[in-house]
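These figures come from a predicted structure and were not determined experimentally. Residue numbers run from 1 in the order of the sequence given.
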Amino acid sequence: MTSAPTFSGGCQCGAVRFRAGHLGRPSICHCRMCQKAFGSFFGPLVSADIAHLTWTRGKPKLFRSSAKILRGFCEHCGTPLTYQHPNGIELAIGAFDEPEHFEPRVQVNHESRLPWIDHLFEKPAREQALEETDIVSFQHPDHDTEKWPPDDEADAG
């Protein structure tokens, strides 16, 4: 019997980390609550089996965004992490260490999308103006760490 792959992820500051297996349908949700919760144009989510979801460091703080919905986020850095509804839980795609594995397969609440979203990627692309050496990131790396933050820079990578 082959076991399902597991994926790790967590918040930007590293205070909350998870490991998840048996993941379902990746989607983007255009509803206004997801726009606000993610501070973005839509909410990218993948359904998860709560029996195969483990919080390996910390746990999300929960906010009741409606009568039936709880949204989990890191109380330290604010990263959106979960969308909990009566039928289960979904995880924020951008919170995974390897989000490229979760290409959305469906758009939810499509009628609520922003009026210009269908043309968003027709806009010109520009390179980042800052040099990579000008950016000093304090973000948790995209892999599990023994502890975070590290004692020194040698432990950071």
*Kindly say whether Gly72 contributes a backbone atom to a donor-acceptor pair with the side chain of Thr82 at under 3.5 angstrom?*
yes

_Salt bridge Arg57-Asp144, side-chain N to carboxylate O under 4.0 Å_ = no

*Tell me, do Ile89 and Leu53 make a side-chain contact under 4.5 Å, heavy atoms counted?*
yes

*Can a salt bridge be assigned to the pair Arg19 and Asp97 using a cut-off of 4.0 Å between side-chain N and carboxylate O?*
no

*Looking only at non-hydrogen atoms, find the nearest pair between Ile93 and Ser27 and report the distance.*
CD1-O, 4.0 Å

*Would a distance-only check, ignoring hydrogens and angles, find a side-chain to backbone donor-acceptor pair under 3.5 Å from Arg32 to Gln35?*
no

*Tell me whether Leu70 is reachable from Leu81 by hopping between hydrophobic residues (I, L, V, M, F, W, Y) whose side-chain heavy atoms are closer than 4.5 Å.*
no

*Go through the side-chain N and O atoms of Thr145 and His140 and say whether any donor and acceptor fall under 3.5 Å apart.*
yes

*Would a 4.5 Å heavy-atom cut-off, applied to side chains only, mark His85 and Tyr83 as touching?*
yes

*Mind checking the CD-CZ spacing from Glu75 to Phe63? Nearest 0.5 Å is all I need.*
15.0 Å

*So which heavy atom on Cys74 is nearest to which on Cys77, and how close?*
SG-N, 3.4 Å

*Pairwise distance CE(Met33) to CG(Asn109) - rounded to 0.5 angstrom*: 9.0 Å

_Nearest 0.5 Å, please: how far is SG in Cys11 from CZ in Phe18?_
10.0 Å

*Taking Arg17 for its side chain and Gly9 for its backbone only, find out whether a donor-acceptor pair lies under 3.5 Å.*
yes

*Do other residues, nucleotides or ligands put more than 12 heavy atoms under 6.0 Å from the NZ atom of Lys68?*
no

*asked:* To check you understand the geometry: which heavy-atom pair defines the closest contact between Phe38 and Gly43, and what is its length?
replied: CD1-CA, 3.5 Å

*Any side-chain heavy-atom pair from Leu91 and Leu23 closer than 4.5 angstrom?*
yes

*Please work out whether the ring planes of His101 and Phe7 are parallel, tilted or perpendicular, with thresholds of 30° and 60°.*
tilted

*Report yes or no: do Trp116 and Phe42 belong to one cluster of Ile/Leu/Val/Met/Phe/Trp/Tyr joined by side chain heavy-atom distances under 4.5 Å?*
yes

*Minimum heavy-atom separation for Gly78 to Phe73, with atom names?*
O-CB, 4.2 Å

_Inter-residue atom distance Ile28.CD1 - Arg113.CZ, 0.5 Å rounding_ = 10.0 Å

*Can you check whether Phe96 and Phe102 have ring centres sitting under 6.0 Å from each other?*
yes

_Distance (rounded to the nearest 0.5 Å) between Ser65 OG and Arg71 CZ_ = 4.0 Å

*Return the minimal non-hydrogen interatomic distance between Cys31 and Ser112, and the atom names on each side.*
CA-CB, 4.1 Å

_Can you see whether Arg25 engages Ser47 through a side-chain donor-acceptor pair at a distance of less than 3.5 angstrom?_
no

*With no hydrogens and no angle check, do the side chains of His30 and Gln107 hold a donor and an acceptor under 3.5 Å apart?*
yes

*Just wondering, do Trp55 and Pro60 contact through their side chains at under 4.5 Å, heavy atoms?*
yes

_I need the minimum non-hydrogen distance between Ala95 and Pro80, along with the two atoms involved._
CB-O, 4.3 Å

*Do Val46 and Glu90 pass the side chain to side chain contact (heavy atoms under 4.5 Å, CB included) test, and can you show the C-alpha distance, the side-chain angles, and the key distance before you say yes or no?*
CA-CA 5 Å; Val46 61; Glu90 298 186 41; over 6 Å; no

*Determine whether more than 12 heavy atoms belonging to other residues, nucleotides or ligands lie under 6.0 Å from atom CD of Glu103.*
no

